[in-house]
Structure formats: structure tokens, C-alpha cells
Participant: 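Below is one structure. I have some questions about it.
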Number of protein chains: 2
Amino acid sequence: MSEDLPHPDRAEIRIEAVLHALADPVRLHYVRELDRIGTGVACGAIELPVTKSTRTHHLRTLREAGVIRMRKEGTARIATIRRDDLDARYPGLLNAVLSAES
Amino acid sequence: MSEDLPHPDRAEIRIEAVLHALADPVRLHYVRELDRIGTGVACGAIELPVTKSTRTHHLRTLREAGVIRMRKEGTARIATIRRDDLDARYPGLLNAVLSAES
DNA sequence: TCAATAGTACGACAACTATCGTAGTTCGAC
DNA sequence: GTCGAACTACGATAGTTGTCGTACTATTGA
């Protein structure tokens with residue numbers, strides 16, 4: 001049953017949630033890797049210093065904040081940055097965060 | 001004794017701390033008001049739906065993250081946004097956050 | 001000197017959250 | 001069908017944080 005995970009609509013994305021999602025080092029690293037790779041990538045393909053279940057937790061935070069989109073593909077879930085939505089709603093924000101020095 | 005409160009140097013400002021500081025609704029509202037008013041303003045001059053001590057807590061978070069600078073002036077403390085430092089370190093970030101719709 | 005004003009410090013508490021382990025689900029391959 | 005791979009869900013726990021009340025400090029003014 002390809003019940004997909006819920007994502008907020010573009011209009012529902014809240015700036016506080018986006019900032020909070022990006023404020024965590026693990027999540028920020030994940031989003032930066034996603035950005036560096038460019039194309040969508042399986043959740044597990046990006047190395048993180050946490051367990052699988054913690055990873056799921058962080059990915060849910062990013063997804064529910066509207067930062068990433070996840071779609072099923074076989075047993076994997078492919079994650080992509082919601083660049084269009086974020087750029088439309090908060091122009092310049094994503095670029096500023098991603099291009100910031102560590 | 002005019003011992004001043006500690007502020008991080010420009011180079012010490014961390015993106016995670018800035019994002020975390022701005023991710024709270026109370027703090028974001030405060031920074032937006034600071035920006036709207038433009039000039040430095042006494043801490044207490046901006047209305048917040050919290051008590052004095054909670055306000056102090058939030059202002060410390062903003063100060064320690066490097067988002068605002070506070071200087072003593074009589075019994076008051078004047079708060080200003082560290083726009084120069086933030087723009088230098090994370091170009092576009094502050095503008096993107098401040099201009100975001102509620 | 002005394003009182004009022006503006007803010008900080010500290011202790012307490014509830015809510016949130018980052019983490020983990022374990023169990024469950026879904027899909028593809030054999 | 002069965003096994004493994006890739007995740008998610010759930011429950012527990014320790015640490016963080018937003019909130020408050022009270023007490024304290026520093027400065028101004030009467």
C-alpha cells in the first residue's frame with residue numbers, strides 16, 4: 001500500500017519550522033549532502049553518525065518542516081530538497097544557509 | 001561596574017546557533033521588531049508575551065548566538081542587530097529570514 | 001538616603017527532543 | 001513462499017529549553 005508520508009503544502013511551510021529543522025548539526029549536514037549530490041538520493045545513502053531510527057526521526061523533522069520531500073521507490077525512500085518551494089516562500093534563505101561556512 | 005555581557009566574535013558565530021536562535025517565535029518576533037525600528041532600542045521597549053526573566057533568557061540566547069549586540073546605557077540595555085557581522089558571515093541569511101512572511 | 005526603574009541570576013518545573021533498541025512493514029530477489 | 005534490505009513505529013531515557021517566580025544589582029531621581 002503505497003501510502004505516502006505526509007508533506008506540508010508550500011503555503012503551509014512555516015519559517016520557524018524550517019529554521020528549527022536546519023538548526024540541528026545532523027540535519028544540516030544531511031541537507032548539505034543532499035544539496036551537494038544534487039539529485040535525489042536514498043535516505044540511507046548519506047552517512048550520518050546516528051542509528052537508523054534516529055536518522056528516521058531527523059528525516060521526519062526535515063520532511064514535516066517542508067525542507068525535503070520523500071518518495072518511495074522500491075524498498076528505498078528517495079529524498080530531495082524542496083528547493084522550488086523554499087525559494088518561492090523564503091527567497092535566498094536556502095542558499096544562504098547552504099553556502100555558509102561550516 | 002560596567003562589566004559588559006559577553007558576545008561572540010564575528011568569526012565565532014556558528015550557523016547552527018543563529019538558526020536555533022531565530023527558530024523560536026518569541027525571539028524571531030523580537031528580532032523583527034528590532035529590524036523594523038531600525039535604531040537600537042532598550043530591551044524592554046519591545047513588547048513580548050513573556051515575563052521579564054523569560055525575556056532576559058531569550059535575549060541571552062540571541063546575544064550568545066551573535067544575532068544581537070547589547071550595550072549598557074544607564075539602567076537600560078540597548079539591543080541592536082549585528083547586521084554587519086551576520087551579513088559578512090552569512091550573506092543574505094538575515095534578509096531572507098526577516099523578509100519572510102509571518 | 002530612599003524609592004523606583006531596568007535588567008540579570010538562580011532555582012524549579014514541565015515540555016520538548018535527540019538518542020537508542022527492538023519490533024514491525026514493505027518490497028525485491030532467490 | 002522465504003529471506004534480506006530499507007525504512008518506519010513505538011517505547012524509554014537523558015539532556016535541553018522555555019517558562020515562571022523570587023531575589024539580586026545597578027543607575028537615576030526626588
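All heavy atoms count here, side chains included; hydrogens, waters and symmetry mates do not. Computed from a predicted structure; not experimentally measured. Here is how names work: the chains are called A, B, and so on, in the same order as the sequence lines, proteins then strands, and each is numbered from 1.
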Participant: Taking only nitrogen or oxygen atoms into account, show me every contact under 3.5 Å that the protein makes with nucleotides 12-17 of chain D, one pair per line with its distance.
Facilitator:
none

Participant: Taking distance alone, no hydrogens or angles, what donor-acceptor pairs closer than 3.5 Å link side-chain atoms of residues 17-27 of chain A to residues at least two apart or in another chain?
Facilitator:
{"residue": "A:D24", "atom": "OD1", "partner": "A:V26", "partner atom": "N", "Å": "2.9"}
{"residue": "A:D24", "atom": "OD1", "partner": "A:R27", "partner atom": "N", "Å": "3.2"}
{"residue": "A:R27", "atom": "NE", "partner": "A:A21", "partner atom": "O", "Å": "2.8"}
{"residue": "A:R27", "atom": "NH1", "partner": "A:H58", "partner atom": "ND1", "Å": "3.1"}
{"residue": "A:R27", "atom": "NH2", "partner": "A:H20", "partner atom": "O", "Å": "3.3"}

Participant: Is the phosphate of C:dC20 approached by A:T51 (side-chain N or O, under 4.0 Å from OP1 or OP2)?
Facilitator: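 Looking at the OP1 and OP2 atoms of C:dC20, one of them is under 4.0 Å from a side-chain N or O of A:T51.
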Participant: Tell me, please, which residues at least two apart from A:S99 pass side chain to side chain contact (heavy atoms under 4.5 Å, CB included).
Facilitator: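 Once residues adjacent in sequence are excluded, A:S99 has no partner under the side chain to side chain contact (heavy atoms under 4.5 Å, CB included) criterion.
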Participant: Any side-chain N or O of B:T54 below 4.0 angstrom from OP1/OP2 of D:dG18?
Facilitator: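 Indeed not, no polar side-chain atom of B:T54 lies that close.
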Participant: In whole angstroms, how far is the P atom of C:dC27 from the CZ atom of A:R71?
Facilitator: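 For the pair A:R71 CZ and C:dC27 P, the rounded distance is 16 Å.
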Participant: Atom CD of B:E16 to atom P of C:dA18: distance rounded to whole Å?
Facilitator: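 Distance, rounded to whole Å: 13 Å.
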Participant: Provide the full list of salt bridge (Lys or Arg N to Asp or Glu O under 4.0 Å) pairs with a residue in residues 44-54 of chain B, sequence neighbours left out, each pair given once.
Facilitator: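 Qualifying pairs, neighbours excluded: none.
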Participant: Report, one line per pair, each donor and acceptor closer than 3.5 Å where one atom sits in a side chain of residues 34-45 of chain A; sequence neighbours left out.
Facilitator:
{"residue": "A:D35", "atom": "OD1", "partner": "A:R83", "partner atom": "NH2", "Å": "2.4"}
{"residue": "A:R36", "atom": "NE", "partner": "A:E33", "partner atom": "OE2", "Å": "3.3"}
{"residue": "A:R36", "atom": "NH2", "partner": "A:E33", "partner atom": "OE1", "Å": "2.9"}

Participant: Treating B:R10 as the side-chain partner and B:R89 as the backbone partner, does any N or O pair qualify as donor plus acceptor under 3.5 Å?
Facilitator: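 Such a contact is absent between B:R10 side chain and B:R89 backbone.
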Participant: Using the test side chain to side chain donor-acceptor pair (under 3.5 Å), find all partners of B:R60 that sit at least two apart in sequence or belong to another chain.
Facilitator: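 Counting only residues at least two positions away or on another chain, B:R60 forms no side chain to side chain donor-acceptor pair (under 3.5 Å).
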Participant: Give the B/S/- string for nucleotides 1-11 of chain D, one per nucleotide from 5' to 3', where a protein heavy atom under 4.0 Å of the base yields B, of only the sugar-phosphate yields S, and otherwise -.
Facilitator: -----SBBB--
Participant: Using the test side chain to side chain donor-acceptor pair (under 3.5 Å), find all partners of B:T54 that sit at least two apart in sequence or belong to another chain.
Facilitator: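 Checked B:T54 against side chain to side chain donor-acceptor pair (under 3.5 Å); matches are B:T51.
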Participant: For B:L22 and D:dG18, what is the distance between atoms CG and P respectively, to the nearest whole Å?
Facilitator: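 Rounded to the whole Å, the gap is 12 Å.
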Participant: Looking at residues at least two apart in the chain, or sitting in another chain, which of them share a side chain to side chain donor-acceptor pair (under 3.5 Å) with B:R82?
Facilitator: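 Per chain and number, B:R82 pairs via side chain to side chain donor-acceptor pair (under 3.5 Å) with B:D85.
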